[in-house]
Amino acid sequence: MFDFRDVLDTNGLIARRRPNYERRDAQIAMAAEVDAAIRSRYNLAIEAGTGVGKSFAYLVPSILYVVEDQARAFKWERNSTNVQPTPGASPEDYDDLFVIDLIQSLEQDNEQDAHAHKEATRRVVVSTETISLQEQLFQKDVPFLNSILPFEFTVALAKGRSNYLCLRRFQHVIRGGASATLLDDSLQSELQRIAEWAEHTVDGSRSDLSPTPDGEIWNEISCEQGNCLGRKCKYYNDCFYQTAHRRLDEAHVIIVNHALLFSDLALRGAGGSILPNYDVLIFDEAHMIEQTAGEHMGVEITQYSVDYLLSRLYNSRSNKGLLVEETTATLWSKDRELFVEAQQLTDECRYRAENFFNALLNWIDEHPGTNGRIFDKNIVPNSLGEGLSMLFRALRRACDALEDPDRRQEYIAARSRVESMASALEDWLGQRAEGFVYWLEVSERRGKRRVSMNAAPIDVAVMLREKLFNVVPTVVATSATLALNATDLEAQARRWNASVDVRTVEPSQESDATRKAFEFFRRRVGMTGARARTVGSPFNYREQMLFIMPRGLELTEQECARRGMTTQERLECNERRFLSALSDYIEETDGGSFVLFTNAKQMRQTSEALQDLFARKNYPFFLQSSGQSRQTMLERFKCSDNGVLFGVDSFWQGVDVPGQALRNVIIVKFPFLTPNTPLTEARSEQILAQGGNAFRDYLLPTAIFKFKQGVGRLIRTKDDFGQVVLLDERVHRKSYGREFLKSLPDCRVRIDNFQ
């Protein structure tokens, strides 16, 4: 039967389209593992190094699985050479000739066999963390495979409801309805731009409109949970969201992001769903599963979110909001009173909200020295929740007085939002969710302190195991960073990649090294029963990458004591050495550098200290948090030949800068989690309670994963060359420094002495 090797191997379909195509052993090996997992119905965790081509390695066997009835009918020899491109033929002509040849080899099964093989629609969901990979899969990789495969299959991109324009709400705003009163006059031109776009858009989603529409307007015209008339809506047949949702039901391959996938899991627990049922789930960028699941399952309530909710209902200062139209409309006086009452209760809730959040700030002030973690229930009276409950009942009465179904739906959605906020406050104050950690965070903006209420699950593994890994027949988790001490597995992986009989791959017994390498990832996400495999990168890191570990950048306390230095003098000396070394390493490659920090304050201070260097050397400088979006910074950095970019967190992973624009990655510190943050503290306590070691079992592995991601920013193609510099002295002084070094690819190492 036609299989993945007929696509990916030397004489496969891709090679016939791309004359310079080279077979990748690691890609073939990964495809074999994914294919075996899908067909034998087990879960798989597979680390695939940079350059493996993992997208095709999981897409090809996934697509061939959903079109198996078609693929079963083909009889085609991989080494067939009877089809050759004619001189001067275009790629399109070439494909047509090849497809014709394949179609001529088609043999229809007899009716009995066809009936025996007839099955319900098979479906694969591919989930990614970053938008860039999601767009690459949907706009580039899958269309290419669709163009070369002689089978019919459909693909859909799944987005959240709020990404789509709601024609009903939009028309109401255009006609000057209540929602329009929420908008400032300065936004009317933006509304006109959206109206012109709405006339010709096919997709109807926010990403189809460039530049991105103003968020304040989009919130009033987008599809909204609880604000949909369904089949009763006169725009139902033309609805962008409903059209996209119907495509999901018909699709063989659905591409989603992790956040939407976890939303679907939560809804399934309540009896609903966003996605149709699927047989196979592919988690790309799977190293982000725990973090994204925890964030999405968690709670955040801010004073801004409450203010925004109330302002959408009624703002007495500007006389704008949903409740304004009904008080000026021709209504019976008795009915008008219902809306006036709702306005008054909205103002009262605003007053209650200010007092409520001030009470939380006072609680923090009365507990100095804490990290904001909350252990006790109901730390302040829930006066805001009481006000929201009264407002909810008033909105319900006002809604009953409306006859227009469009207007009623807006009020139904509004009262649902109010009810949800009241419920969230009660849940947080009462700490109703078991296995969660609760905490307060304080921020300051324009001299005013703001507090947010947060909660997150301590352990996501139980939920994921029960709702996902034990339910979906096959889950494949892949990333460049899933295994610890993967260097020990590299030689084994290369031998296996080259020798494996890809047509007869069967699950094999895991070695002790493989089991230990994947233990942390599988335990943290609940994928404990999955098969594990590493396929090494095809890149020649010995030639392409230099790893530099300077020594002597920091004076120890003992050295300072011998020199008679004070603590302050020691800190100032270490800072001078750090800035001098950082400057030297940036100049060593004449810019072209990423400098990755773990602390935003240190990043800003360092950028200020090195401004003279950047100006003198004419290095284009990019600073995260400077107001530019990450994508804008990346595009400008790529266009520069000697740029320097300072980044935290999000620049450690999911960033792709191939070529010589990036030739130097400088890591300032090992990326350890801050141990005393509430969530990290709670997870560490759980590990200790279970008899483990929080540092060895959680903090260190998490840091190594992120370190590997940071190092992985450098070499993105086989033609990339450069260096990674680690400025953290602990690599020499601490025993765990060796654990980080074990995660490096097989590259050259240089130690620079600054003593």
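Predicted model, so just to flag it, every value in this text is computed and none were measured.
- Between the side chains of Thr677 and Thr680, at least one donor-acceptor pair of N or O atoms lies under 3.5 Å.
- Partner Thr481 forms a side-chain hydrogen bond (donor to acceptor under 3.5 Å, both in side chains) with one of Lys706, Gln709, Gln653 and no other, that one being Gln709.
- Between the side chains of Glu47 and Ser479, no donor-acceptor pair of N or O atoms lies under 3.5 Å.
- Under the ring-ring contact (aromatic ring centres under 6.0 Å, His included) criterion, Phe521 pairs with no residue at all, not counting sequence neighbours.
- Taking the side-chain contact (heavy atoms from CB on, under 4.5 Å) definition, one finds that Lys516 meets it with nothing, sequence neighbours left out.
- In plain terms, the two heavy atoms of Gly654 and Thr130 that are nearest each other are CA-CG2, 4.2 Å.
- By the ring-ring contact (aromatic ring centres under 6.0 Å, His included) test, Tyr308 is found to be paired with no residue, residues two or more places apart in sequence or in another chain being considered.
- Looking at Asp720 and Thr717, their side chains do bring a donor and an acceptor atom within 3.5 Å of each other.
- A donor and an acceptor atom, one from each side chain of Ser305 and Thr302, are located under 3.5 Å apart.
- Atom NZ of Lys617 has 12 or fewer heavy atoms from other residues, nucleotides or ligands within 6.0 Å.
- Counting heavy atoms from C-beta on, the side chains of Ser452 and Leu440 never come closer than 4.5 Å.
- Nearest heavy-atom pair, Arg522 versus Ala532, reported as atom, atom and distance to 0.1 Å: NH1-CB, 3.6 Å.
- Residue Arg616 places its CZ atom among more than 12 non-hydrogen atoms of other residues, nucleotides or ligands, all under 6.0 Å distant.
- Nearest approach of Ser537 to Val52, heavy atoms of both residues: CA-CG2, 4.3 Å.
- The distance from the CE atom of Met549 to the CG atom of Asp752 is 10.0 Å, given to the nearest 0.5 Å.
- From Lys159, atom NZ reaches atom OG of Ser205 across 3.0 Å, with rounding to the nearest 0.5 Å.
- Residue pairs that meet the ring pair (Phe, Tyr, Trp, His ring centres under 6.0 Å) test with at least one member in residues 728-751, sequence neighbours left out, are Phe670-Phe740, Phe672-Tyr736, Phe672-Phe740, Phe695-Tyr736, Phe707-Phe740.
- Residues satisfying the side chain to side chain donor-acceptor pair (under 3.5 Å) criterion with Glu588, sequence neighbours excluded, are Arg750.
- Taken to the nearest 0.5 Å, the CD1 atom of Ile715 stands 7.0 Å off from the CE atom of Met545.
- Every residue two or more places apart in sequence or in another chain was checked for a ring-ring contact (aromatic ring centres under 6.0 Å, His included) with Phe651, and none qualifies.
- In Glu354, the CD atom is not crowded: 12 or fewer heavy atoms of neighbouring residues, nucleotides or ligands sit closer than 6.0 Å.
- Taken to the nearest 0.5 Å, the NZ atom of Lys708 stands 7.5 Å off from the CG atom of Leu482.
- Residue Glu559 holds its CD atom at 6.0 Å from CZ of Arg563, rounded to the nearest 0.5 Å.
- Scanning both residues, Leu133 and Ser55, for their nearest heavy atoms gives CD1-OG, 4.2 Å.
- For Asp214, there are no salt bridge (charged side-chain N to carboxylate O under 4.0 Å, His left out) partners two or more places apart in sequence or in a different chain.
- Trp428 and Asn454 share no side-chain donor-acceptor pair at under 3.5 Å.
- Under the 30°/60° scheme for interplanar angles, the aromatic rings of Phe705 and Phe520 are found to stand perpendicular.
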**Q.** CA sep, side-chain torsions, deciding dist, call: Glu729, Arg551, salt bridge (charged side-chain N to carboxylate O under 4.0 Å, His left out)
**A.** CA-CA 7 Å; Glu729 282 277 312; Arg551 186 195 300 270; over 6 Å; no
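- Side-chain polar atoms of His258 and Thr128 form no donor-acceptor pair below 3.5 angstrom.
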Q: For Gln723 and Thr589, run side-chain hydrogen bond (donor to acceptor under 3.5 Å, both in side chains): C-alpha distance rounded to whole Å, both residues' side-chain angles, the deciding distance at 0.1 Å, then the answer.
A: CA-CA 9 Å; Gln723 64 187 38; Thr589 56; 5.1 Å; no
Show every donor-acceptor pair shorter than 3.5 Å between a side-chain atom in residues 600-611 and any protein atom, with sequence neighbours excluded, or say none if there are none.
residue, atom, partner, partner atom, Å
Thr606, OG1, Gln602, O, 2.8
Ser607, OG, Arg604, O, 2.7
Gln611, NE2, Ser607, O, 2.9

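- Between Thr292 and Ala259 the shortest heavy-atom distance is CG2-N, 4.2 Å.
- Looking only at atom types and distance, the side chain of Ser650 has a donor-acceptor partner in the side chain of Gln624 under 3.5 Å away.
- Every residue two or more places apart in sequence or in another chain that forms a side-chain contact (heavy atoms from CB on, under 4.5 Å) with Ser443 is listed here: Arg450.
- Proximity of Asp728 to Val731: side-chain heavy atoms (C-beta onward) are nowhere separated by under 4.5 Å.
- For the atom pair Met288 CE and Phe283 CZ, the distance stands at 12.0 Å (nearest 0.5 Å).
- Across Phe721 and Gln660, no two heavy atoms sit closer than the pair O-NE2, 3.3 Å.
- Scored by the side-chain contact (heavy atoms from CB on, under 4.5 Å) test, Asp365 finds Asn362, Arg449 as partners (sequence neighbours excluded).
- Not counting sequence neighbours, Glu569 has no partner by the salt bridge (charged side-chain N to carboxylate O under 4.0 Å, His left out) test.
- Judged as a ring pair (Phe, Tyr, Trp, His ring centres under 6.0 Å), the pairs with a partner in residues 579-609 (not counting sequence neighbours) are, in order, Phe594-Phe637, Phe597-Phe646.
- Within 6.0 Å of CZ in Arg636 there are 12 or fewer heavy atoms belonging to other residues, nucleotides or ligands.
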